[in-house]
Amino acid sequence: MFVGYDRIIIGFILCFNIISCTPLFKVNHIIQIVNSIPKHSWKAGINFYPSFLTNVSHLMGVLPLNKLSENDILLTNDLSIDFEPLPESYDVTQTWSECKSVVSIKDQSNCGSCWALSTASAFGDRLCIATNMNYNRVLSGEYINSCCNGKCGNGCNGGYPEKAWKFIKKNGLCTGGEYNSNEGCQPYSIFPCPINTNYCSKKNEETPQCYKNQCTNSYYEIPLSSDLYYATKVYSVRPKPEIIMNDIYKNGPVVAAMKVYEDFIHYKGGIYQYTTGELKGDHAVKIMGWGQDDGIDYWLCANTWGTSWGMGGMFKIRRGRNECGIESRITGGLPKI
């Protein structure tokens, strides 16, 4: 499949047969494997402090789809793929660059809240786009993570994007920016993990307390009851690239649940495709657009691991072959205007 594939597998086996294969050794080994492949589509590098990676699986906060009850599975929103031609490339961050939510990269820190942050962020994007920027707010992943804890999953221990969308439709979603931003009603309350220290490597963060009736930002003057935005329809998208592209082009970014392997954690740039390493779990990201580089089709996505990861918090991943399952579990919602 790849040039030098047999050499890569041998090296990988050697690492995991060495008792003293430390986190730093393992990180460097994976990076070396990826970067040693001639004309490979992507490059790897250091994104996290190695000791933090010993418990990195908790960052993958999407719970299995087969654990959802039949009532919680979202119905498919069937869009015609013939309503208008699609461009060869499209980037929501360029077309809607004045939308605060679109250009905001989330940092979940050492909490498995990707399912909540990505859903809140995608809904904020869609609210801004649907109203032509009349509602230009960053919405609160904290509110979903904390107040849908138990109903949507287990907060920092993972949840379901499908249930997060249903929560927005039923309960609404308030505003809230990043940690220490004093932006909106309920900003994110978990301190970001510094990438160059082991400050957050000791344990997983506990789910913050839910404040369902009041803002946590004392500087914000609008009461929570007047700061809620609702979805009128929430749905899944069929796992066909053209249909996913149409939904993004018409309504804005979608939430995708993908499988994360060890090599993805060290992504630095290019078009990602699985190369080496163990499966670490399921993770929620936003698909922001698409394009093609060097003959390879890709999705443009936003991660929730801060701006120091990847390409300023963004990444590209191979499109059209369901790489790491990214096309198989797509969700979205339409805002009530």
task = Any chance you could lay out the side-chain contact (heavy atoms from CB on, under 4.5 Å) test for Asn213 and Tyr211, step after step, and finish with the verdict?
result = CA-CA 6 Å; Asn213 300 311; Tyr211 293 92; over 6 Å; no
query = From Asn145 CG over to Cys152 SG, what is the distance, rounded to the nearest 0.5 angstrom?
reply = 9.5 Å
key: Side chains of Val285 and Met258 in contact at under 4.5 Å (non-hydrogen atoms)   = yes
request  = Answer yes if Val260 and Leu117 sit in the same cluster of Ile, Leu, Val, Met, Phe, Trp and Tyr residues linked by side chain heavy atoms under 4.5 Å apart, and no otherwise.
outcome  = no
message = Can you confirm whether the side chains of Ser69 and Asp72 place a donor and an acceptor under 3.5 Å from each other?
response = yes
request  = For the residue pair Glu327 and Trp299, confirm or rule out a side-chain donor-acceptor distance under 3.5 Å.
outcome  = yes
ask   = Do other residues, nucleotides or ligands put more than 12 heavy atoms under 6.0 Å from Lys43 NZ?
value = yes
request  = For residues 117-140, pull every pair meeting ring pair (Phe, Tyr, Trp, His ring centres under 6.0 Å), keeping only residues two or more places apart or in separate chains.
outcome  = Tyr135-Tyr229
Any donor-acceptor pair under 3.5 Å from Glu142 side chain to Ser189 backbone = yes
ask   = Which atom pair, heavy atoms only, marks the closest approach of Lys212 to Leu224?
value = O-CD2, 3.4 Å
request  = Verify side-chain contact (heavy atoms from CB on, under 4.5 Å) between Ile190 and Ser113, making sure each step is shown before the conclusion.
outcome  = CA-CA 11 Å; Ile190 301 173; Ser113 58; 5.7 Å; no
ask   = If you group Ile, Leu, Val, Met, Phe, Trp and Tyr by side-chain heavy-atom gaps below 4.5 Å, do Met60 and Trp115 land in one group?
value = no
message = Between Lys169 and Val234 (side chain of the first, backbone of the second, donor and acceptor by atom type, cut-off under 3.5 Å), is there such a pair?
response = no
key: Lys286 and Asp125 ion-paired at < 4.0 Å   = yes
key: Check: Gln273/Arg321 side-chain N/O donor and acceptor closer than 3.5 Å   = yes
ask   = Should Leu300 and Ile243 be regarded as members of a common hydrophobic cluster, given that ILVMFWY residues are connected when their side-chain heavy atoms come within less than 4.5 Å of each other, either directly or indirectly?
value = yes
query = With side chains defined as the heavy atoms from C-beta onward, is the minimum distance between Ser140 and Tyr188 less than 4.5 Å?
reply = no
List the atom pairs, donor and acceptor, that lie under 3.5 Å between side-chain atoms in residues 172-181 and the rest of the protein, sequence neighbours left out.
{"from": "Thr175", "atom 1": "OG1", "to": "Cys185", "atom 2": "N", "distance (Å)": "2.9"}
{"from": "Thr175", "atom 1": "OG1", "to": "Tyr220", "atom 2": "OH", "distance (Å)": "3.4"}
{"from": "Thr175", "atom 1": "OG1", "to": "Asp227", "atom 2": "OD2", "distance (Å)": "2.7"}
{"from": "Glu178", "atom 1": "OE2", "to": "Ser104", "atom 2": "OG", "distance (Å)": "3.3"}
{"from": "Glu178", "atom 1": "OE2", "to": "Lys106", "atom 2": "NZ", "distance (Å)": "2.9"}
{"from": "Ser181", "atom 1": "OG", "to": "Glu178", "atom 2": "N", "distance (Å)": "3.3"}
{"from": "Ser181", "atom 1": "OG", "to": "Glu178", "atom 2": "O", "distance (Å)": "2.7"}
{"from": "Ser181", "atom 1": "OG", "to": "Glu183", "atom 2": "N", "distance (Å)": "3.2"}

key: Atom pair CD1 (Ile33) and CD (Glu262), whose distance is rounded to the nearest 0.5 Å   = 10.0 Å
query = Take atom NZ in Lys100; do more than 12 heavy atoms of anything else shown fall under 6.0 Å from it?
reply = no
query = Crowded around Gln292 CD? As in, over 12 foreign heavy atoms under 6.0 Å?
reply = yes
ask   = Counting only heavy atoms not in Asn134, do more than 12 fall under 6.0 Å of its CG?
value = yes
ask   = Trp165 versus Val255: any side-chain heavy-atom pair under 4.5 Å?
value = yes
ask   = Tyr235 and Asp247: side-chain donor and acceptor closer than 3.5 Å?
value = yes
Nearest heavy-atom neighbours spanning Ser97 and Thr93 = CB-O, 3.1 Å
inquiry  = Please check: side-chain N/O of Trp290 versus main-chain N/O of Pro87, any donor-acceptor pairing under 3.5 Å?
reply    = yes
Plane angle bin for Phe315 and Trp309 - parallel if under 30°, tilted between 30 and 60°, otherwise perpendicular = perpendicular
ask   = Which atoms form the tightest heavy-atom contact between Cys99 and Met133, and what is the distance?
value = SG-CG, 3.7 Å
query = Are Val92 and Leu334 grouped together when hydrophobic residues (ILVMFWY) are joined by side-chain heavy atoms under 4.5 angstrom apart?
reply = yes
task = State, without any angle test, whether Asp107 and Ser109 hold a side-chain donor-acceptor pair at a distance under 3.5 Å.
result = no
inquiry  = Between Tyr272 and Tyr298 (judged by ring centroids, cut-off 6.0 Å), do the two rings come close enough to count as a pair?
reply    = no
key: Ile287 side chain near Pro253 side chain, heavy-atom distance below 4.5 Å   = no
inquiry  = Applying side-chain contact (heavy atoms from CB on, under 4.5 Å) to Gln186 and Asn217, what does each step give before you reach the verdict?
reply    = CA-CA 6 Å; Gln186 292 196 12; Asn217 180 10; over 6 Å; no
inquiry  = Quick one: does any side-chain atom of Ser101 pair with a main-chain N or O of Ser121 as donor and acceptor, under 3.5 Å?
reply    = yes
inquiry  = Please check this pair: side chain of Asn35 against backbone of Ala44, looking for a donor-acceptor N/O pair closer than 3.5 Å.
reply    = yes
inquiry  = We want to know whether Thr276 and Asp263 form a side-chain donor-acceptor pair, criterion being a heavy-atom distance below 3.5 angstrom.
reply    = no
task = Evaluate side-chain contact (heavy atoms from CB on, under 4.5 Å) for Tyr267 paired with Ile317, printing each intermediate quantity in order.
result = CA-CA 10 Å; Tyr267 169 90; Ile317 184 170; over 6 Å; no
key: Exam field: side chain Asn157 to backbone Gly112, donor-acceptor pair closer than 3.5 Å   = no
task = Identify the two heavy atoms, one from Gln108 and one from His283, that lie closest to each other, and give their separation to 0.1 Å.
result = OE1-CE1, 3.4 Å
task = Just jot down the side-chain contact (heavy atoms from CB on, under 4.5 Å) partners of Arg329, sequence neighbours excluded, or say none.
result = Val62, Leu65, Tyr160, Pro161, Glu162, Ala257
query = Under 6.0 Å between the ring centres of His266 and Trp42?
reply = no
message = Between Leu68 and Leu74, is there shared hydrophobic-cluster membership here, with clusters defined by ILVMFWY side-chain heavy atoms closer than 4.5 Å?
response = no
ask   = Donor-acceptor pair, Ser118 side chain versus Ala284 backbone, under 3.5 Å?
value = yes
message = Tell me if the NZ atom of Lys166 is crowded by more than 12 foreign heavy atoms within 6.0 Å.
response = yes
